[in-house]
Amino acid sequence: MSTIQYFNNDTINAKNKAFSRMKVMVETAFYGQNVTPLQNVSAIYELAKANPDTIVTDMPVKHTDDLGLPSDAKVLVYNHGKIVGRTAKARRILQEETDTDATALLNDLQEAIYQDNRHPFWRSDVLVGLDKNFMVKAHVCIPKGYEHNLYSYVMNFQFLNETYQQIYDNSKQYDEPDIYLYVDPDYHDPKYPDGLALFDREHNVAALLGMRYFGEMKKGTLTLAWSIAHRHGYTACHGGLKSFHFKDQADAVFAMYGLSGSGKSTLTLAKHQNKYDITVLHDDAFVISRADGSSTAMEPAYFDKTNDYTVAGGGLDYCLTVMNDGVTLNEHGQKVLVTEDLRNGNGRMVKSRYITKNRVDYEAQPISALFWIMKDNSLPPVMQVTNPVAAATIGLTLATKHSTAENVSAAEMQQVVIIPYANPFRLYPLVEDYQDFKALFEKRHAQCYILNTSAYLDQDIPKELTLGAVEDIVDQKAKFKPFLDIPGLSYLPYANYPIPNGEEYKQLLQQRFQQRLAYVTHHNETRKHALPDECTQFLTQVIKTLK
């Protein structure tokens with residue numbers, strides 16, 4: 001067994017590091033007489049289908065036998081109210097709170113669970129991590145009435161069927177407790193107007209209160225699993241990974257890091273006109289072994305935006321569940337999806353693994369290149385970073401923009417923000433991620449590139465250019481030039497995207513690197529675990545070079 005669910009009687013005491021107040025509080029709630037275990041995918045589907053909030057479309061689900069679903073299963077739709085994205089400001093980490101605030105948060109959670117004891121709940125189990133080297137168990141508890149979210153959860157992660165139970169039983173064991181996720185979307189307390197996402201990072205437990213968006217459940221579980229991986233020799237990655245396989249040269253294993261809407265899924269899943277032998281690990285969540293550079297997918301399915309797909313276009317063929325999308329009748333009187341974000345800004349679907357014919361769950365070949373996907377109009381379309389400190393620091397200060405996947409204002413979406421390593425879900429100190437990524441460049445000699453997928457100055461950058469650049473890098477045809485004499489940075493020249501000679505452009509670059517420097521400085525002034533001086537030294541050097 002990989003993580004610990006059962007304990008010997010003589011270890012069930014306060015000395016056991018697997019226990020904490022929150023861990024005991026949350027796990028205890030799973031065993032109340034108001035909680036009904038559900039360990040059958042087909043039964044969960046039928047409950048979700050029968051829920052009054054659910055719309056049952058006439059779109060059939062493919063590979064029902066492989067997925068453990070009824071042969072006549074249909075795509076189910078569940079629509080939310082005004083909140084249709086993740087709410088980052090609701091996240092609280094116990095270990096980052098003062099003792100007084102932590103106690104208050106736990107007291108509020110205890111009261112919430114007490115109130116919930118009078119309401120019926122479901123509970124179920126899944127696996128996170130799809131290889132015997134990294135596989136952990138997660139348990140979820142959610143109120144009756146939210147069967148669609150439960151169904152999406154067991155479809156997004158790996159349900160414990162007979163095959164995976166055997167793999168799990170023979171997987172590498174970690175001295176870590178299982179993940180426990182307690183969910184109550186109906187919770188309301190004026191103290192938490194945006195809801196409360198409370199994490200105990202050291203004991204693999206979380207509670208999501210007052211938050212109905214399924215993405216909170218998905219990322220909350222991944223957050224805890226990434227933390228476990230990080231503690232045991234893996235680099236946690238919010239991104240996609242694909243491999244180009246060759247007979248006459250070394251394989252190219254590329255990882256793409258970006259926020260939702262940045263293009264990471266497009267780049268990861270692109271087929272490149274079938275010019276290459278490609279396998280895809282995942283487009284959103286994986287881990288890299290710092291020992292051998294291999295990679296493991298965290299989940300079998302894909303939680304994808306629907307705005308780029310239509311019913312006629314075929315991109316919905318492997319859809320399982322949908323949220324925050326419209327439904328209409330086609331010429332045959334069948335209920336089908338209305339996508340392209342016509343209903344709201346973040347239509348989403350859980351797609352099965354079978355949409356990618358070249359899917360793998362484990363990539364043994366070491367990581368060879370990392371791509372930081374940015375939305376920063378001061379940067380050329382494609383850049384290379386050759387120094388490990390520079391590469392890790394650029395990822396640390398990844399500049400991008402929020403998307404409709406997040407619960408933020410329209411004004412906030414227009415601002416360039418810093419999201420380290422495109423991962424706003426981190427529970428452990430940021431400096432540890434810096435060290436992990438730097439090791440990939442310094443010890444594993446992975447290459448580093450920057451892809452600007454938004455606009456360069458006032459000119460949009462089409463996805464075809466970015467995809468073509470990735471192919472040039474794969475084919476070893478990309479010829480980079482020094483970028484304004486900045487040590488460690490070079491760019492791929494394009495006639496339509498020249499580097500301006502004037503001071504105005506240098507001032508824009510200075511402004512963006514000052515923003516990066518300000519982020520690092522503020523972090524070091526306000527957090528317990530400071531980032532190393534080499535980060536500020538690199539950014540300061542860039543700013544001086546531009547003056």
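Checked against H139 for a ring pair (Phe, Tyr, Trp, His ring centres under 6.0 Å), the options Y180, Y31, F157 give a single hit: Y180. Partner of Y153 under the side chain to side chain contact (heavy atoms under 4.5 Å, CB included) criterion, chosen from I142, T221, T321, V183: T221. Screening L259, L379, T400, V416 for a side chain to side chain contact (heavy atoms under 4.5 Å, CB included) involving M374 leaves a single residue, L379. For the side chain to side chain contact (heavy atoms under 4.5 Å, CB included) test with S171, the passing option among K132, Q166, K137 is K132; the others fail.
Side-chain contact of Y187 with D116: a donor-acceptor pair under 3.5 Å is absent, judged by distance alone. Residues D178 and T3 have side chains that bring a donor and an acceptor to within less than 3.5 angstrom of each other. Side chains of D292 and S289: a donor on one and an acceptor on the other come within 3.5 Å. The closest side-chain donor-acceptor pair between N156 and E299 falls under 3.5 angstrom. Neither side chain, Y213 nor N324, offers a donor N or O lying under 3.5 Å from an acceptor on the other. Judged by distance alone, the side chains of K305 and N346 do bring a donor and an acceptor atom under 3.5 Å apart. Side chains of E111 and Q115: a donor-acceptor N/O pair is present below 3.5 angstrom, by distance only. Side-chain atoms of T296 and D131 include no donor-acceptor pair closer than 3.5 Å. For the residue pair D125 and Q5, no side-chain donor N or O sits within less than 3.5 Å of a side-chain acceptor on the partner. Side-chain N/O atoms of Q173 and S2 include no donor and acceptor closer than 3.5 Å.
Using the six-membered ring where Trp is involved, H148 and Y78 have ring planes that are tilted, between 30° and 60° apart.
The existence of a salt bridge linking D175 and K17 is confirmed by a sub-4.0 Å separation between a basic side-chain nitrogen and an acidic carboxylate oxygen. A salt bridge links R512 with D376: the closest approach of a Lys/Arg side-chain nitrogen to an acidic carboxylate oxygen falls below 4.0 angstrom. Salt bridge absent: R86 and E216 never bring a charged side-chain N and a carboxylate O closer than 4.0 Å. For the pair R527 and E96, the salt-bridge criterion is not met [side-chain N within less than 4.0 Å of a carboxylate O]. Between R353 and D361 there is a salt bridge, since a side-chain N of the basic residue sits under 4.0 Å from a carboxylate O of the acidic one. For the pair R426 and D433, the salt-bridge criterion is met [side-chain N within less than 4.0 Å of a carboxylate O].
To the nearest 0.5 Å, the span separating OH on Y164 from CG on L127 amounts to 8.5 Å. We find the CD1-OG distance between I373 and S454 to be 12.5 Å, quoted to the nearest 0.5 Å. Distance check: M256 CE to T466 OG1 gives 10.0 Å after rounding to the nearest 0.5 Å.
Side-chain atoms of M25 and L109, non-hydrogen and from C-beta on, do get closer than 4.5 Å to each other. Side-chain contact check for R91 versus T223: some heavy-atom pair is nearer than 4.5 Å. Side-chain contact check for L430 versus P420: some heavy-atom pair is nearer than 4.5 Å. Considering only heavy atoms from C-beta on, V287 comes within 4.5 Å of W226 through its side chain. Under the 4.5 Å side-chain criterion, counting only non-hydrogen atoms from C-beta, I288 is in contact with F286. The shortest side-chain heavy-atom distance between F19 and H203 does not fall under the 4.5 Å cut-off. T268 places none of its side-chain heavy atoms less than 4.5 Å from the side chain of L241. When side chains are defined from C-beta on, S490 counts as touching Q384, because their heavy atoms get closer than 4.5 Å.
S368 contributes a side-chain N or O that, together with a main-chain N or O of V253, makes up a donor-acceptor pair within less than 3.5 Å. At distances below 3.5 Å, not a single donor-acceptor pair connects side-chain atoms of R348 with backbone N or O atoms of G85. Side chain of W372 to backbone of A391: a donor-acceptor contact under 3.5 angstrom is found. Proximity of a side-chain donor or acceptor of S152 to a complementary backbone N or O of N149 within less than 3.5 Å is not detected. Between the side chain of Y151 and the backbone N or O of Y146, no donor-acceptor pair lies under 3.5 Å. Remark: side-chain polar atoms of H238 are paired, donor with acceptor, to backbone N or O of A422 under 3.5 angstrom. Proximity of a side-chain donor or acceptor of T98 to a complementary backbone N or O of D101 within less than 3.5 Å is detected. Between the side chain of R359 and the backbone N or O of L281, at least one donor-acceptor pair lies under 3.5 Å. The backbone N or O of M22 lies less than 3.5 Å from no partner atom in the side chain of D200, so there is not a single donor-acceptor pair.
A cation-pi contact, defined as under 6.0 Å to the ring centre and within 45° of the axis, links R516 to F513.
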* Going through the distances and angles, do V41 and M155 end up as a side chain to side chain contact (heavy atoms under 4.5 Å, CB included)? -> CA-CA 8 Å; V41 170; M155 289 288 97; 3.3 Å; yes
* Criterion ring pair (Phe, Tyr, Trp, His ring centres under 6.0 Å) on F437 and Y257, from CA distance to verdict -> CA-CA 12 Å; F437 280 102; Y257 298 82; 5.6 Å; yes
* Asked: Does the ring pair (Phe, Tyr, Trp, His ring centres under 6.0 Å) test come out yes or no for F214 and F303, once each step is laid out?
  -> CA-CA 10 Å; F214 167 71; F303 187 48; 5.2 Å; yes
* Could you check Y428 against E202 for side-chain hydrogen bond (donor to acceptor under 3.5 Å, both in side chains), going step by step and ending with a plain yes or no? => CA-CA 9 Å; Y428 48 86; E202 295 178 1; over 6 Å; no
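Under the salt bridge (charged side-chain N to carboxylate O under 4.0 Å, His left out) criterion, D284 pairs with K218, K219, K264, not counting sequence neighbours. Residues satisfying the salt bridge (charged side-chain N to carboxylate O under 4.0 Å, His left out) test with E176, not counting sequence neighbours, are R231. Taking Y519 as the reference, nothing meets the side-chain hydrogen bond (donor to acceptor under 3.5 Å, both in side chains) condition, with sequence neighbours excluded. The side-chain contact (heavy atoms from CB on, under 4.5 Å) test applied to A29 returns I113, Y182, not counting sequence neighbours. Annotation: salt bridge (charged side-chain N to carboxylate O under 4.0 Å, His left out) contacts of R290 (sequence neighbours excluded): D436.
Of all the heavy atoms in F441 and A392, the pair that sits closest is CE1-N, 3.8 Å. Closest non-hydrogen pair, R21 versus L106, comes out as NH1-CB, 3.6 Å. Residue H529 comes nearest to V431 through the heavy atom pair CB-CG1, 3.9 Å, listed as atom of the first residue, atom of the second, then distance.
Taking the centre of each ring, H282 and Y302 come in below the 6.0 Å mark.
Within 6.0 Å of CG on N107 lie more than 12 heavy atoms contributed by other residues, nucleotides or ligands.
Listed by first then second residue, pairs satisfying side-chain hydrogen bond (donor to acceptor under 3.5 Å, both in side chains) with a partner in residues 7-16 number zero, not counting sequence neighbours.
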